Amino acid sequence: MASNAAAPFWRSAGMTYITYSNLCANLVRNCLKEPYKTEALSREKVHYSISKWVDGKPQKPTLRSDTPE
């Protein structure tokens, strides 16, 4: 078993790896100069669809986005 001294610093800080990687990605995106910054921020958006199931059959999907637009 590994000791706590060998634990990654993000784990010692009480973060998950996903939280740590999102934080690092945001820092890098904010350090970019234009036009690269705008381009990177546009790739950050997430779009997905949700389908409700009724009687074992999918209904019409609803498109969702994480952006408030």
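Computed from a prediction, not measured in an experiment: that's the story for all the values here.
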### Message
Below 30° counts as parallel, above 60° as perpendicular, anything between as tilted: where do the rings of Trp10 and Tyr20 land?
### Response
parallel
### Message
As an exercise, state the distance from CZ of Arg29 to CZ of Arg43, rounded to the nearest 0.5 Å.
### Response
8.5 Å
### Summary
Value for CG (Leu41) from CG (Asn30), rounded to nearest 0.5 Å, stands at 6.5 Å
### Message
As an exercise, state the distance from CG of Leu23 to CD1 of Ile18, rounded to the nearest 0.5 Å.
### Response
12.5 Å
### Task
First locate atom CG of Asn22, then atom OG1 of Thr16, and finally report the distance between them rounded to the nearest 0.5 Å.
8.0 Å
### Query
Do Tyr17 and Met15 sit in the same hydrophobic cluster, where Ile, Leu, Val, Met, Phe, Trp and Tyr count as joined when their side-chain heavy atoms come under 4.5 Å apart?
yes
### Task
Give a yes or no on this: more than 12 heavy atoms of other residues, nucleotides or ligands lie within 6.0 Å of atom OH of Tyr48.
yes
### Approximate separation, where rounding is to 0.5 Å, of Lys60 NZ and Ile50 CD1
15.0 Å
### Query
Between Glu34 and Lys37, which heavy-atom pair has the shortest distance, and what is it?
OE2-CB, 3.7 Å
